[in-house]
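A short write-up of the structure that comes next.
None of the values given here were measured: they were computed from a predicted structure. In this chain, residues are counted from 1 in sequence order.
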Amino acid sequence: MKTMTCIEDLRQRARRKVPKAFFEYAEGGSYAEQTLNANCADLARIKLRQRILVDVARRSTKTTILGEPASMPLALAPVGLCGMQHGDGEILSCRAAHAAGIPFTLSTMSICSIEDVAAAVDKPFWFQLYVMKDRGFARSLIERAAAAKCSALVLTVDLQVLGQRHRDIKNGMTVPPQLRLKNVIDIATKPNWVLSVLRGKRKTFGNIAGHVRGMASVNTLSQWIAGQFDPALSWKDVEWIASTWSGKLILKGINDVEDARTAVKTGAAAIVVSNHGGRQLDGAPSSISMLPPIVEAVGSDIEIMFDGGIRSGQDLMRALALGARSCMSGRAYIYGLGAGGQAGVTRAIEILRNELDVCMALTGINSIGDIDRRVIAA
Ligand SMILES: Cc1cc2nc3c(=O)[nH]c(=O)nc-3n(C[C@H](O)[C@H](O)[C@H](O)COP(=O)(O)O)c2cc1C
């Protein structure tokens, strides 16, 4: 892993090791992928101020996230089908995050279930909730997350209907899934991936299979899930969830000032400024372009996290400079997982931390709390 010097190296290796359908599921965005591309491009446009001869010998990337100590301002974002990038991907990513001293978020759409992960790690993790039409099932997920002692509930609010991802359709990642000859041939060239997935605890949606009656096959399960996203979801449901979950609540997927103001009123502990990594509304502004107005409107009322396009420690610095308290990483760690399992996720986190550390040194910053707009070049 030492020769993996940047996230792009991990991405290239993941591309070689993970079957195309799953690699492109992770890599891609919705429709023309304009928002996906804007997330990275708008971050890259922000230039950092080079400062010299500041004593930075005692700098530290340590901070707090929702009041808990963290080794750096980063959490691993919820990623569906994580266990299809590498067998037991959720458990391995959670272990890597915990060893690095940062939070891990388990997706509702994970392969390993809440209980699988809880049994395999020794510290609490965060659970991400999609509220299904079947509110009884949503309630049971909340109860299971509480029983597993999850330390925060991340409610994703930007997926009432699914943005179309062209690559998924072309690769057979549809409802029901379509295994074509070209997929079989591709999978046959990835024996290590096959072994890891075969050895993994589960091969299907672990939080759902066995918890909803009549879901015997991947086909029926994926059809049930597709029919369960709820276009009628509203702020009223957020109130209901806030009253059902007694722990910390994070609202993820806010990319608009008016919505951020409403989110504050729900009593949530934090919001994540996010457009789902460019996988939902194509044509939405990049999340980094929406961060400053949202911080301006509600930054003193609620903790603000950020995601979308983070591929380097410099990107972390840019988001913090514009007012995020911490960030989430999706694809950057998923590339690590595909490239090398737990060691790959560990490497992804290490790369981001080392880059942030050097970036702090070269911008004359000693502590995360000191990062603000002054690090941005005019
Ligand atoms: C493959 C993939 C699956 C995702 N699945 C979920 C999910 O199940 N729940 C969720 O809230 N967000 C999901 N997201 C969005 C991420 O949590 C996060 O917002 C996004 O990846 C951030 O952008 P980045 O990948 O550029 O870091 C997913 C993202 C990717 C790339």
Side-chain angles (χ1 to χ4, degrees), residues 1-2 4 6-7 10 56-79 82 86 88-107 110 112 117-128 145 148-154 247-248 250 252 269-270 272 303-307 310-317 319-320 324-337 339-361 365-371:
M1 278 292 145
K2 285 288 166 208
M4 299 284 105
C6 56
I7 298 298
L10 293 171
V56 287
R58 279 181 298 278
R59 69 193 179 281
S60 162
T61 61
K62 287 190 181 145
T63 185
T64 57
I65 303 178
L66 296 179
E68 298 293 325
S71 65
M72 66 185 294
L74 184 74
L76 300 191
V79 167
C82 202
H86 191 286
D88 286 343
E90 293 86 3
I91 291 173
L92 302 182
S93 302
C94 188
R95 285 184 180 148
H98 285 175
I102 61 172
F104 167 79
T105 319
L106 182 72
S107 164
S110 54
C112 290
V117 179
V121 302
D122 50 17
K123 281 189 234 153
F125 53 93
W126 296 355
F127 178 66
Q128 175 264 327
K149 305 208 166 9
C150 289
S151 48
L153 187 72
V154 178
K248 290 169 187 162
I250 303 172
K252 172 174 179 286
V272 187
E303 185 157 331
I304 296 184
M305 300 183 71
F306 167 86
D307 79 19
I310 299 281
R311 303 287 183 273
S312 67
Q314 289 83 345
D315 289 340
L316 290 173
M317 174 69 104
L320 299 182
R325 280 284 314 273
S326 61
C327 299
M328 278 189 164
S329 159
R331 293 178 184 84
Y333 94 84
I334 285 299
Y335 294 145
L337 180 64
Q342 183 171 338
V345 179
T346 298
R347 187 70 190 131
I349 299 169
E350 225 169 57
I351 287 169
L352 294 176
R353 183 166 48 219
N354 291 343
E355 288 173 346
L356 175 63
D357 175 57
V358 172
C359 188
M360 286 171 72
I365 295 285
N366 276 298
S367 76
I368 296 298
D370 290 342
I371 301 174

Taking it one step at a time, do Cys94 and Leu106 satisfy side chain to side chain contact (heavy atoms under 4.5 Å, CB included)?
CA-CA 8 Å; Cys94 188; Leu106 182 72; over 6 Å; no
Would you please test Phe125 and Ser151 for side chain to side chain contact (heavy atoms under 4.5 Å, CB included) and show each step?
CA-CA 6 Å; Phe125 53 93; Ser151 48; 6.0 Å; no
For Glu350, salt bridge (Lys or Arg N to Asp or Glu O under 4.0 Å) partners two or more places apart
Lys2, Arg347
Residue set satisfying salt bridge (Lys or Arg N to Asp or Glu O under 4.0 Å) with Glu303, at least two apart, ordered chain then number -> Arg325
With a 4.5 Å limit on heavy-atom distance, are the side chains of [X] and [Y] in contact?
| X | Y | answer |
| --- | --- | --- |
| Glu68 | Pro103 | no |
| Ile310 | Met328 | no |
| Ser312 | Asp315 | yes |
| Leu356 | Met317 | yes |
| Leu316 | Pro73 | no |

Quick check for you: to the nearest 0.5 Å, what is the distance between [X] atom [atom1] and [Y] atom [atom2]?
| X | Y | atom1 | atom2 | result |
| --- | --- | --- | --- | --- |
| Thr63 | Ile102 | OG1 | CD1 | 12.5 Å |
| Thr105 | Ile250 | OG1 | CD1 | 7.0 Å |
| Met72 | Leu320 | CE | CG | 9.0 Å |
| His98 | Asp122 | NE2 | CG | 8.0 Å |

Atom of Met305, atom of Ala75 and distance for their closest heavy-atom approach
CE-CB, 4.2 Å
Determine the minimum heavy-atom distance between Ile7 and Tyr335, stating which atoms define it.
CG2-CD1, 4.0 Å
Go through Arg59 and Asp357 one step at a time and tell me if the side chain to side chain contact (heavy atoms under 4.5 Å, CB included) criterion holds.
CA-CA 8 Å; Arg59 69 193 179 281; Asp357 175 57; 2.8 Å; yes
For Val79, which residues count as a side chain to side chain contact (heavy atoms under 4.5 Å, CB included) partner, sequence neighbours excluded?
Tyr333, Ile334
Decide side chain to side chain contact (heavy atoms under 4.5 Å, CB included) for Val345 and Phe104; before the verdict, give the C-alpha distance in whole Å, the side-chain angles of both, and the deciding distance to 0.1 Å.
CA-CA 11 Å; Val345 179; Phe104 167 79; over 6 Å; no
